J.: 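Below are the structure tokens for one structure; questions will follow.
Quick caveat: nothing in here was measured; it's all calculated off a predicted structure. In the text below, chain A, chain B and the rest are named by the order of the sequence lines, each starting its count at 1.
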Amino acid sequence: MTEPAANANTTETRAAEWIVARRVRGDWDAHKQAALDQWLAQSPAHTTAYLRLDSAWERTTRLKALRPPPRRFALRNILPSLPTLAKSVAALAVIGIGLTLASGPERPREQTYATALGGHDVLKLPDGSQVELDTDTVLRVSLVNKREVWLDKGQAYFQIAHDPHHPFTVTAANRKVTVLGTKFLMRQDSKRLEVAVMEGKVRLESSEGAAQQRSALLTLGDEAVATKSGMTVTRKTPQARAQVMAWRRGLLIFDQNTLADAAAELNRYNSRKLVIADTATGALTIGGTFRTNDVEAFTRVVRKILGVDVQSRGDDIVISQKHVGG
Amino acid sequence: MAETPDPDSTHADTSCPTSGALAEVNAWFVREVLPLEAALMHFLRRNWRNRSDFPDLRQDVYVRVYEAAQKEIPHALKPFLLRTARNLLINRVKREQIVPIETFADLDVLGTNSNEAAPDQVLMARDDLRILQDGLDTLPPRAREAIVLRQIEGLSLREIAARMNIAEKTVERHITIALKGLADHLYSGPEDARRQP
């Protein structure tokens, strides 16, 4: 029963491929046009499918003018209009403990930058610093009197231009990172904040916790994990540092990570969510390198290597352990 | 209605029109036939249960109408289109000996007062933006992202591939899926014609 419908769908797919080849790929020539003409002449089904999709493509082109630029691209439009303030403004402010944190409602001249799920963007600031935003990340920037940004959620890699007179601060929840010039990674979610230093020094301060835990000076290789209950600092191996930086290349690297953790990482990038059926399945360990956006490759590998069962359930993909025998 | 050729007799046509005439038929098809797709799909939905047959039925209707037009452009296009669809359904019922569909009452309602295609086209032009936006929302996320980057951001295939971190071939596949989904949305009408997986 579905055989005839598959034929129409196949024809339509082929027609769409021709349109993409001609209108998108950019290497269209007389030779290819001749091949298209030949395909069209083979059947009125080809012609009508092609005409239908091609005119649909035209209509989407016409609509371009009506659409406002999407939010995540706004940053490139906004940036040139920002004053080059970090240099032009006199040393008005001294950054120190006790300055307002991210709770005040009034934050003048502040810009918000956000990436979508699976998004990845580089933000170049007027002071020469650069911030690379990972998936589903919100960053606010205020460079009016000082170099100040807020990481509201997500993950970002900061490469801060050295300026001893203007410390650069990043605030996440009730914690603040202060630097003069360095490279570091910050990740903020509902439970915790992680700061990993790739170059130079970073001071991490907290307004919560016991006095001796409120401040830590982090150097190359240090990773601080701050939760509600406190802060721990560990030294990362170069290998582990490469692992947490892999997203900048669109990759996720796992090395004896639990399946639960790996699935949670992939879920940060994709709308098709991996769901682990039970804790025993989630405790299985997995290694390997995966594209952040390739859920299918990941499920293929875990099915093969861990022998788990992978089932689609609506938009979710459920991973469970196979029940062997009875 | 009487002056239009019988749709069932047309696909035996083997004449080869000149390219000029072909271009004219093509332009006519886009301008006159495609705006009637919503009416066609409405008719199919009312009279045929198995939705997975719709793409095939639609293709067959278009082929017959297109072939008829190569001989002579039908004057009363909408009744002609719907009659073609009805005949296809009847033939299919006979051929497959499946349980007969109850009624084709819809055909008269749609067929008689329907030669003014203008309202459809006016509506279409005005609602393009809304329909497109709705259509984008129904696409798989990656297909949506690819078509937005291409058609709204104007990025090249290579730039899209870099941005999405996938091969250019994969970008093309996503755009293909998006184009088919958007065409269904633009022509078949928002509440239908999403294909079954």
J.: Is atom CD of Q42(A) surrounded by more than 12 heavy atoms (other residues, nucleotides or ligands) closer than 6.0 Å?
T.: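 Result for CD/Q42(A): enclosed.
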J.: With a 3.5 Å cut-off and sequence neighbours excluded, list the donor-acceptor pairs that the side chains of residues 240-254 of chain A form with protein atoms.
T.:
from    : atom 1 : to      : atom 2 : distance (Å)
R241(A) : NH1    : K236(A) : O      : 3.2
Q243(A) : NE2    : I253(A) : O      : 2.9
Q243(A) : NE2    : N257(A) : OD1    : 3.3
W247(A) : NE1    : V244(A) : O      : 3.3
R248(A) : NE     : E132(A) : OE1    : 2.8
R248(A) : NE     : E132(A) : OE2    : 3.4
R248(A) : NH2    : E132(A) : OE1    : 2.9

J.: Between R52(A) and D184(B), does at least one N-O distance fall below 4.0 Å, as a salt bridge requires?
T.: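 Result for this pair is yes, salt bridge flagged.
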J.: Tell me whether E145(B) is salt-bridged to R142(B), with the criterion being a basic N under 4.0 Å from an acidic carboxylate O.
T.: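 Yes, this pair counts.
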J.: Side chain from CB out, backbone as N, CA, C, O: work out which of these in R173(B) comes under 4.5 Å of a heavy atom of chain A, or both, or neither.
T.: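 Contact with chain A is absent: no heavy atom of R173(B) under 4.5 Å.
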J.: For L179(B), which atoms come within 4.5 Å of any heavy atom of chain A: side chain, backbone, both, or neither?
T.: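 Contact with chain A involves both backbone and side-chain atoms of L179(B).
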J.: What residue in L182(B), V30(B), N26(B) has the most heavy-atom pairs under 4.5 Å with chain A?
T.: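 Result: the option with the highest number of such pairs is N26(B).
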J.: Measuring heavy-atom distances to chain B, does T13(A) have an atom under 4.5 Å in its side chain, in its backbone, in both, or in neither?
T.: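 Both parts, backbone and side chain.
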J.: Salt bridge or not between D152(A) and R140(A)? Use side-chain N to carboxylate O under 4.0 Å.
T.: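 Looking at R140(A) together with D152(A), the answer is yes, because their closest N to O distance falls below 4.0 Å.
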J.: May I ask you to decide whether R187(A) forms a salt bridge with D134(A), counting only side-chain N to carboxylate O separations under 4.0 Å?
T.: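 Salt bridge between R187(A) and D134(A), a charged N being under 4.0 Å from a carboxylate O: no.
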J.: Of the backbone (N, CA, C, O) and the side chain (C-beta and beyond), which part of A49(A) lies under 4.5 Å from a heavy atom of chain B, both, or neither?
T.: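 Neither part; nothing is under 4.5 Å.
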J.: Is it the case that the side chain of N270(A) and the backbone of T292(A) share a donor-acceptor pair, with hydrogens and angles ignored and the cut-off at 3.5 Å?
T.: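 At least one qualifying donor-acceptor pair exists.
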J.: Report which part of S43(A) has an atom under 4.5 Å of a heavy atom belonging to chain B: side chain, backbone, both, or neither.
T.: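 Looking at S43(A), nothing touches chain B.
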J.: Chain A heavy atoms under 4.5 Å from L57(B): which part of the residue, side chain, backbone, both or neither?
T.: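 For L57(B), neither part sits under 4.5 Å from chain A.
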J.: Can you list the residues of residues 24-35 of chain A that sit under 4.5 Å from chain B, counting heavy atoms only?
T.: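 Residues in range: V24(A), R25(A).
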J.: Using a distance-only test with no angle check, is there a side-chain donor-acceptor pair under 3.5 angstrom linking Y50(A) and R22(A)?
T.: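 Present: a donor and an acceptor within the cut-off.
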J.: Check each atom of F29(B) against the heavy atoms of chain A and say whether the ones under 4.5 Å are side chain, backbone, both or neither.
T.: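 Answer is side chain: those atoms of F29(B) sit under 4.5 Å from chain A.
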J.: Would you call D315(A) and K273(A) a salt bridge, taking side-chain N to carboxylate O under 4.0 Å as the test?
T.: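 Looking at D315(A) and K273(A), the cut-off is not met.
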J.: Taking only Lys NZ, Arg NE, NH1 and NH2, and the carboxylate oxygens of Asp or Glu, determine whether E58(A) and R23(A) approach each other closer than 4.0 Å.
T.: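 Salt bridge present between E58(A) and R23(A).
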